[in-house]
Amino acid sequence: MNKWNHRHIIDLANFSQRDYTSVLELTHRFRSLPQSGARKLPALQGRLVATLFFEPSTRTRSSFELAARKLSADVQTFNPSSSSLNKGETTIDTALTYVAMGADVLVVRHRSTNVPAQLAAALEDAGKRTTVLNAGDGLHSHPSQGLLDLYTLAHHFDPLNPSPICLQNKKILIVGDILHSRVARSNLWAITACGADVILCGPPSLVPKDFQAFVEAPPPGLGPDPIRKRGKIEIEHKLEKALPKADAVMALRLQQERMRENLLSDIDRYQRDYGLNHEKLNLCKQPIPVLHPGPVNRGIEISSSLLEDRSICLVEEQVRNGIPTRMALLYLMAASESAT
Ligand code: ASP
């Protein structure tokens, strides 16, 4: 296995080709293990993984916890509604409490951008060995989702050998609320790193022009981009023009909870212009897969019948792939930790 250099996983902007290869290889191996009745792997025996979700989650938290258990870790779940946050304790002090209880890995989700990065910095300053895995911060980043989407795409293009190369020269269409989506941002780093182009599609209020230059410079503090040549990003506001060019399409949820102003006056119109259904997919040059990170607003981003069409829609597959992808991340972090 390639050397793993990420003590914390906060962002995909500093992932190299080798990093993507390692994650996809391991995900594929873990995915091939029998799912039921399988003995646990001992990789994280004696380690404590704490899931600190300060924002709601169904699949990400459960799949991190299942992944940790499959690697024999102890798992502690933090429940914000019954916690001392209600007595005024801060996010960082809450996290440090779990570190004091012996957490080796903190899996952190927060509505504010940069909380996982700030926490990782606070742990470094305090000389703690606990590592931080970002499970979604504000609009910024959702690395494990970006990686499980990448695996799902690679596996669709080459089920026997899903690797970053499978995406080369493909065009991946992402439709919807790009502006508020941390999933879109993580996917942009991951997909372009593998040599695929991305088409972003949605109303101008949700797909601003400056996204075209999104991967041109990594965020401050991450050093130079380890990827020599990335795929390109194109913006197309008309779905009927974008679909014929696409090799796969990912729909994103309208993130009403993050919209500070009313950026979308008419949901029916949105559904008509950007909602995916069988009829619109007829515009594609060939049958293409449909992805969505979930949760789905049924009938708005994807029609019910398309969502239930397993021959096209990979939403369940994404959920399933979330577990081996998160096992791969926890495994790589634990392996790098014991090597230091
Ligand atoms: N579950 C994903 C996230 O946490 C996508 C979404 O909520 O729309 O970002």
Side-chain angles (χ1 to χ4, degrees), residues 9-13 51-67 77-78 80 91 106-117 132-153 172-191 198 200-203 205-207 211 214 248-260 263-264 267 270-271 274-276 290-302 306-307 313-323 325-326 329:
I9 301 178
I10 306 294
D11 203 314
L12 296 182
T51 53
L52 275 57
F53 281 59
F54 298 88
E55 198 188 57
S57 165
T58 298
R59 54 221 98 213
T60 306
R61 196 184 78 188
S62 306
S63 98
F64 263 117
E65 293 182 352
L66 284 165
T77 309
F78 162 71
T91 304
L106 299 178
V107 180
V108 180
R109 167 171 291 188
H110 202 281
R111 96 180 65 82
S112 303
T113 292
N114 279 339
V115 166
V132 177
L133 228 156
N134 182 2
D137 61 329
L139 327 170
H140 168 230
S141 168
H142 193 346
S144 64
Q145 181 73 45
L147 292 166
L148 78 88
D149 292 340
L150 187 67
Y151 176 83
T152 306
L153 287 166
I172 312 299
L173 169 60
I174 307 184
V175 187
D177 183 0
I178 311 296
L179 179 62
H180 299 99
S181 175
R182 53 196 177 205
V183 175
R185 287 170 174 81
S186 286
N187 265 290
L188 283 171
W189 291 113
I191 293 169
V198 179
L200 297 177
C201 182
S205 59
L206 299 180
V207 188
F211 266 93
F214 184 75
V249 55
M250 179 185 300
L252 297 176
R253 185 174 66 88
L254 289 173
Q255 311 238 335
Q256 309 263 19
E257 76 277 24
R258 295 189 214 284
M259 295 189 192
R260 286 206 208 103
L263 293 172
L264 202 62
I267 299 273
Y270 177 87
Q271 186 265 327
Y274 300 105
L276 297 178
V290 172
L291 292 84
H292 189 303
V296 179
N297 288 310
R298 236 175 216 267
I300 298 178
E301 295 119 22
I302 306 185
L306 182 56
L307 194 59
C313 187
L314 302 185
V315 171
E316 276 189 14
E317 191 65 15
Q318 286 170 277
V319 173
R320 268 197 295 276
N321 291 338
I323 300 171
T325 305
R326 288 167 176 130
L329 294 178

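Below, each value reflects all heavy atoms present in this structure, side chains not excepted, and no hydrogens, waters or symmetry copies. Ligands are counted one by one from 1 in listed order, and the atoms in each one are counted from 1 as well.
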Quick one: does [X] get within less than 4.0 Å of ligand 1, heavy atoms only?
{"X": "Ser57", "result": "no"}
{"X": "Arg109", "result": "yes"}
{"X": "Gly294", "result": "yes"}

For [X] and [Y], indicate whether the former's side chain and the latter's backbone hold a donor-acceptor pair under 3.5 Å.
{"X": "Glu301", "Y": "Asn297", "answer": "yes"}
{"X": "Asp177", "Y": "Leu206", "answer": "no"}
{"X": "Gln318", "Y": "His292", "answer": "yes"}

Under 4.0 Å from a heavy atom of [X]: which atoms of ligand 1 are those, numbered in the order shown and with their elements?
{"X": "Val183", "value": "2 (C), 5 (C), 9 (O)"}
{"X": "Gln255", "value": "6 (C), 7 (O), 8 (O)"}
{"X": "Pro295", "value": "1 (N), 6 (C), 7 (O)"}

- Query: Among protein heavy atoms, which sits nearest to atom 4 (O) of ligand 1, and what does the distance come to when rounded to 0.1 Å?
  - Reply: Arg182 NH2, 2.8 Å
- Item | atom 7 (O) of ligand 1: the protein heavy-atom neighbour that sits closest, reported with distance to 0.1 Å |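 For this ligand atom, the closest protein heavy atom is Arg253 NH2, 3.0 Å.
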- Message: Among Ile302, Leu314, Val175, exactly one meets side-chain contact (heavy atoms from CB on, under 4.5 Å) together with Val290. Which residue is that?
- Response: Ile302
- Message: Taking the side chain as everything from C-beta on, heavy atoms only, tell me whether Ile323 gets closer than 4.5 Å to Phe64.
- Response: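 The answer is no, as the side chains (C-beta and beyond) never meet within the 4.5 Å cut-off.
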- Message: Measuring only between side-chain heavy atoms, which start at C-beta, is Cys201 closer than 4.5 Å to Ile174?
- Response: no
- For Arg109, which residues count as a salt bridge (charged side-chain N to carboxylate O under 4.0 Å, His left out) partner, sequence neighbours excluded?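 So Arg109 forms no salt bridge (charged side-chain N to carboxylate O under 4.0 Å, His left out) with any residue.
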- Message: Heavy-atom distances under 4.0 Å decide this one: backbone, side chain, both or neither, for Arg59 against ligand 1?
- Response: neither
